[in-house]
Amino acid sequence: MDATDPFETARRLLGAHLIGRAVTVRLTEVEAYAGERDPGSHAFRGRTARNEVMFGPAGHLYCYFSYGMHTCCNYVCGPDGEAAAVLLRAGEVIDGIGLARERRHTTVDRSLARGPACLTQALGIELSDKGVDLHATGSAVRVEWQAALPSDVIRTGPRVGVSGAGGDGDTYPWRFWVDGDPTVSAYRPAKPRRRPRT
DNA sequence: CACTGGATCCTT
DNA sequence: AGGATCCAGTGA
């Protein structure tokens, strides 16, 4: 499909299948990142070695390492040359659940892929998977589109953990999730950069 | 080169 | 509320 617009792509990714290393999830929560004009995006300050994949063609995987221990991943959107992407935040494990439990060291099934770093770990995705083509048959990580979800089951809200440059917090409703789904991650407000003086 | 902060998660 | 823990961006 045409993955030019990160917002439309985010909606289409809900319900789609993300296939990792012997584990598959049905995506239930994502966030859109608009690229160089978006203060919350890794591409806000332009092209670098790390975010180069975001500037490439749509349908590739952008992953990054965070907080010393976590890897998260994104679906890169187009057009080629623009750094839009969709952060894959949560999903329901629909295949390989035993392996997912081992990787996550938990038996709470709703939490196996609840949160972007958990999702990545459950699927066995590594930082070195950055750049793989998510629609090529031989790739270690793939996306299979499903029927678009009706708009009335898609809810939107502010993004998690993103502190916008224009002030305190991110006010754009660029987070999308499946209404009522137990695998959607808990909302946490962005941490302020500096401790606010009370 | 050194310094700093992060699209998080888990435990207290 | 805080700690784990390392990569990448920034500035000298």
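Computation of the quantities below employed the complete heavy-atom set of this structure, encompassing side-chain atoms and omitting hydrogens, waters and symmetry-equivalent molecules. By convention in this document, chain letters (A, B, ...) are assigned in the order of the sequence lines, proteins followed by strands, and residues within each chain are numbered from 1.
- Remark: side-chain polar atoms of A:Arg47 are not paired, donor with acceptor, to backbone N or O of A:Glu52 under 3.5 angstrom.
- For the side chain to side chain donor-acceptor pair (under 3.5 Å) condition, the pairs that include at least one residue of residues 25-40 of chain A, sequence neighbours left out, are A:Arg26-A:Glu92, A:Arg26-A:Asp181, A:Thr28-A:Thr183, A:Glu29-A:Arg89, A:Glu29-A:Arg175, A:Glu29-A:Ser185, A:Glu31-A:Tyr33, A:Asp38-A:Arg159.
- By the side-chain contact (heavy atoms from CB on, under 4.5 Å) test, A:Pro57 is found to be paired with A:His60, A:Asp80, residues two or more places apart in sequence or in another chain being considered.
- Judged as a ring-ring contact (aromatic ring centres under 6.0 Å, His included), and not counting sequence neighbours, A:Phe176 has no contacts.
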Find every protein N or O atom lying less than 3.5 Å from an N or O atom of nucleotides 7-9 of chain C, and list the pairs.
{"residue": "C:dG9", "atom": "OP1", "partner": "A:Thr48", "partner atom": "OG1", "Å": "2.5"}

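- Stem regions annotated for DNA chain B: B:1-6 with C:6-11, B:8-11 with C:1-4, counting only runs of 3 or more consecutive pairs of Watson-Crick or G-U type with both contacts under 3.5 Å.
- By the side-chain contact (heavy atoms from CB on, under 4.5 Å) test, A:Ile19 pairs with A:Thr24, A:Arg142, A:Glu144, sequence neighbours left out.
- Counting distance only, with no hydrogens placed and no angle test, the side-chain atoms of A:Tyr64 and the base atoms of B:dA7 include a donor-acceptor pair under 3.5 Å.
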Check nucleotides 9-12 of chain B against the protein and report each pair of N or O atoms closer than 3.5 Å, with its distance, or say if there are none.
{"residue": "B:dC9", "atom": "OP1", "partner": "A:Gly115", "partner atom": "O", "Å": "3.4"}
{"residue": "B:dC9", "atom": "OP1", "partner": "A:Pro116", "partner atom": "N", "Å": "3.0"}
{"residue": "B:dC9", "atom": "OP1", "partner": "A:Ala117", "partner atom": "N", "Å": "2.9"}
{"residue": "B:dC9", "atom": "OP1", "partner": "A:Cys118", "partner atom": "N", "Å": "3.4"}
{"residue": "B:dC9", "atom": "O4'", "partner": "A:His70", "partner atom": "NE2", "Å": "3.2"}
{"residue": "B:dC10", "atom": "OP1", "partner": "A:Arg104", "partner atom": "NH1", "Å": "2.9"}
{"residue": "B:dC10", "atom": "OP1", "partner": "A:Arg104", "partner atom": "NH2", "Å": "3.1"}

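- Atoms OH (A:Tyr172) and P (B:dA7) sit 17 Å apart, rounded to a whole Å.
- Of the P atoms belonging to C:dT5 and B:dA2, the separation is 22 Å, rounded to the nearest Å.
- Identified under the salt bridge (Lys or Arg N to Asp or Glu O under 4.0 Å) test for residues 7-23 of chain A, with sequence neighbours left out: A:Arg21-A:Asp129.
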Donor-acceptor pairs are to be reported for all side-chain atoms of residues 118-125 of chain A against protein atoms at under 3.5 Å, with residues two or more places apart or in another chain.
{"residue": "A:Thr120", "atom": "OG1", "partner": "A:Thr71", "partner atom": "O", "Å": "3.2"}
{"residue": "A:Thr120", "atom": "OG1", "partner": "A:Pro116", "partner atom": "O", "Å": "2.9"}
{"residue": "A:Gln121", "atom": "NE2", "partner": "A:Arg103", "partner atom": "O", "Å": "3.2"}

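- Atom-to-atom, CG of A:Asn74 to P of B:dT8 comes out at 11 Å; the value is rounded to the nearest Å.
- Partners of A:Tyr67 under the ring-ring contact (aromatic ring centres under 6.0 Å, His included) rule, at least two apart in sequence or in another chain, do not exist in this structure.
- No donor-acceptor pair under 3.5 Å is formed between the side chain of A:Thr156 and the backbone N or O of A:Pro173.
- Remark: the backbone N or O of A:Arg50 is paired with a side-chain donor or acceptor of A:Lys130 at under 3.5 angstrom.
- As rounded to whole Å, 14 Å separates atom P of B:dA7 from atom OH of A:Tyr187.
- Using a 4.0 Å cutoff on non-hydrogen atoms, the parts of residues 22-34 of chain A near DNA chain B are A:Tyr33, ordered by number.
- A search for ring-ring contact (aromatic ring centres under 6.0 Å, His included) contacts involving A:His135 returns A:Tyr75, A:Trp145, not counting sequence neighbours.
- The distance between the ring centers of A:Tyr64 and A:His42 falls below 6.0 angstrom.
- Evaluated for a side chain to side chain contact (heavy atoms under 4.5 Å, CB included) with A:His17, the options A:Val143, A:Leu27, A:Ile94 yield exactly one hit, A:Ile94.
- Going from atom CZ of A:Phe44 over to atom P of C:dT10 covers 11 Å, rounded to whole Å.
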